[in-house]
Amino acid sequence: MAVTGRRGTTRGRQARAGALAAVGALLALAACGSPTATPAPTVTNRAEVAADKQAVPAPEVPPTWPLTGVPGAPDPRPAIAVKIENTSAARPQSGLENADVVWETVVEFEVSRFVAVYHSQAPEEIGPIRSVRPMDPLIVAPLHGLLAYSGGQAGILDLVAQSGVQEVSHDGGAPGMYRVRGRSAPHNVYGSLSTWWGIAEPGRTAPGEQFAFARSADRAAAVTAGTPAATLDFRLSGQAHPVWSWDAASGTWLRSEGSQPATAASGARLSAVNVVSITAPHPPTSYGAQGGAAVPTYELVGSGDAVVATGGRTVVARWQKDAQDQPMRLFLPDGSDATLAPGNTWVELVPAGSGTLTVS
């Protein structure tokens, strides 16, 4: 019995040792087969990412005056375009130095007249004011504002009426127009912008941007992509010879009538931050002037050659106007906007085939 008991005890011990060995082997195998522990992957919540992006505020773009690109709080008042004479009897004119945009056109007898557009500034007196011409509706219709003039032929007045602008006519008895002493008729009709803004029809509000503006002068198209220029010598006709000279001190182009400096009645030199040359057909119309001279117009719906001058540099561009009531746009050869520098602009309408621009 004693022998039998010892054998049983021995077998039990051997069984327990085998079990423990098996368990150890299993643990060893488990340890060898387990990879090194790694952090749990980060789960990205797309909704949270989108919310974070939305939470980042967009950069604030300061408001600008639509006709100059100059920073400011634009007045909701409409733009007012005024027909201003440019003969020797009319100079020096009043208020030209305060216009946002001035368009120079050639009319009958090869003299030039201005369409001066006011919105950001309000000089007390404008003049001398003269009659409308067939190209005026093409220039002012995109502004959807007011057009002030002294009078005009019946057929041309019909064109103005069809353009959708509010007419302010001296011959029509509009308020705010008067004749001044010291000048003989017809060079003595002047007017008041404040009076005309006071009679603006309901719904006449601030104009849209007419040209594309860079945020600063150093980003303007001519500055970044153009070539240096000191003088812009225009020959619009036998009687119209405007010359613009770059003045680095003021950062503007200074205007001359031929060789004579052009000044306003205030004594200020006429100047422009941007000078834009637009070449367009300049055909005669069926409207006649004194002595049977034909009244010309410009074909401004379409496209053509342009030159943009800013910052003492010029760049070749193209102009495009899709309809009478659409603004004229300027494009570089690559199709991008030919942006202007913030400030006032003079547009020289060069008759195709007869007018010239020499840049030096």
(request) Quickly, which of Arg183, His170, Gln93 forms a side chain to side chain donor-acceptor pair (under 3.5 Å) with Tyr190? Name it, please. (result)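 Single side chain to side chain donor-acceptor pair (under 3.5 Å) partner of Tyr190 among Arg183, His170, Gln93: Arg183.
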Looking only at heavy atoms, which two atoms of [X] and [Y] are closest? And how far apart?
X      : Y      : value
Ala174 : Val168 : CB-CG1, 3.6 Å
Arg133 : Val295 : CD-CG1, 3.7 Å
Gln239 : Phe109 : CG-O, 3.6 Å
Ala141 : Val165 : CA-CG1, 4.2 Å
Ala217 : Pro342 : N-CD, 3.9 Å

Is any side-chain N of the basic residue among [X] and [Y] closer than 4.0 Å to the acidic one's carboxylate O?
X      : Y      : value
Arg113 : Glu85  : no
Arg329 : Glu209 : no
Arg235 : Glu348 : no
Glu97  : Arg269 : no

Group every Ile, Leu, Val, Met, Phe, Trp and Tyr by side-chain heavy-atom contacts under 4.5 Å, then state whether [X] and [Y] land in the same group.
X      : Y      : value
Val243 : Phe234 : no
Val308 : Val273 : no
Tyr149 : Val180 : no
Val316 : Val276 : no
Val160 : Val140 : yes

(request) May I have all residue pairs that pass side chain to side chain donor-acceptor pair (under 3.5 Å) and include part of residues 306-315, sequence neighbours excluded? (result)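 Listed once each, the pairs are Asn274-Thr310.
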(request) Give every residue pair that meets the side chain to side chain donor-acceptor pair (under 3.5 Å) criterion with at least one member in residues 350-360, sequence neighbours excluded. (result)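 For residues 350-360, and leaving out neighbouring residues, there are no side chain to side chain donor-acceptor pair (under 3.5 Å) pairs at all.
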Interatomic spacing from [atom1] in [X] to [atom2] in [Y] - rounded to 0.5 Å:
X      : Y      : atom1 : atom2 : answer
Leu67  : Ser120 : CG    : OG    : 7.5 Å
Thr263 : Arg91  : OG1   : CZ    : 10.0 Å
Thr68  : Gln210 : OG1   : CD    : 12.0 Å
Asp136 : Trp103 : CG    : CH2   : 11.5 Å
Trp197 : Asp75  : CH2   : CG    : 7.5 Å
Ile199 : Leu146 : CD1   : CG    : 6.5 Å

Using modelled atom types only, decide if a donor and an acceptor are shared between the side chain of [X] and the backbone of [Y] within a distance under 3.5 Å.
X      : Y      : result
His187 : Thr87  : no
Ser112 : Glu104 : no
Ser237 : Ala240 : yes
Thr224 : Ala220 : yes
Thr339 : Ala221 : yes
Lys321 : Leu138 : yes
Gln153 : Gly288 : yes
Trp196 : Pro175 : yes
Asp100 : Val117 : no
Tyr298 : Leu349 : yes

(request) May I ask you to decide if the ring planes of Trp65 and His119 are parallel, tilted or perpendicular, using 30° and 60° as cut-offs? (result)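 The arrangement is perpendicular - the two ring planes meet at more than 60°.
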(request) Could you walk me through whether Leu157 and Val132 pass side-chain contact (heavy atoms from CB on, under 4.5 Å), step by step? (result) CA-CA 8 Å; Leu157 292 177; Val132 288; 4.0 Å; yes
(request) Please lay out, stage by stage, how Leu270 and Trp346 fare under the test side-chain contact (heavy atoms from CB on, under 4.5 Å). (result) CA-CA 10 Å; Leu270 296 183; Trp346 279 62; 4.3 Å; yes
(message) Could you walk me through whether Ser169 and Asp171 satisfy the side-chain hydrogen bond (donor to acceptor under 3.5 Å, both in side chains) test, starting with their C-alpha distance in whole Å, then the side-chain angles of each, then the deciding distance to 0.1 Å, before giving a yes or no?
(response) CA-CA 5 Å; Ser169 168; Asp171 288 356; 5.4 Å; no
Could you check whether any side-chain heavy atom of [X] comes within less than 4.5 Å of a side-chain heavy atom of [Y], counting everything from C-beta outward?
X      : Y      : result
Val350 : Leu236 : yes
Ile80  : Leu147 : no
Phe331 : Trp319 : no
Thr297 : Pro283 : yes

Regarding [X] and [Y], do their side chains bring together a donor and an acceptor under 3.5 Å, going by distance alone?
X      : Y      : answer
Ser216 : Asp218 : yes
Tyr178 : Glu125 : yes
Asp233 : His241 : yes
Tyr287 : Glu108 : no

(message) Apply side-chain contact (heavy atoms from CB on, under 4.5 Å) to residues Ile278 and Leu330 and explain how you reach the verdict.
(response) CA-CA 10 Å; Ile278 299 296; Leu330 302 171; 3.9 Å; yes
(request) Return the set of residues passing side-chain hydrogen bond (donor to acceptor under 3.5 Å, both in side chains) with Glu201 (not counting sequence neighbours), or none when no residue passes. (result)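 If we apply the side-chain hydrogen bond (donor to acceptor under 3.5 Å, both in side chains) test to Glu201, skipping adjacent residues, the hits are Arg204.
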(request) Please lay out, stage by stage, how Ser150 and Lys83 fare under the test side-chain contact (heavy atoms from CB on, under 4.5 Å). (result) CA-CA 8 Å; Ser150 63; Lys83 281 306 300 289; over 6 Å; no
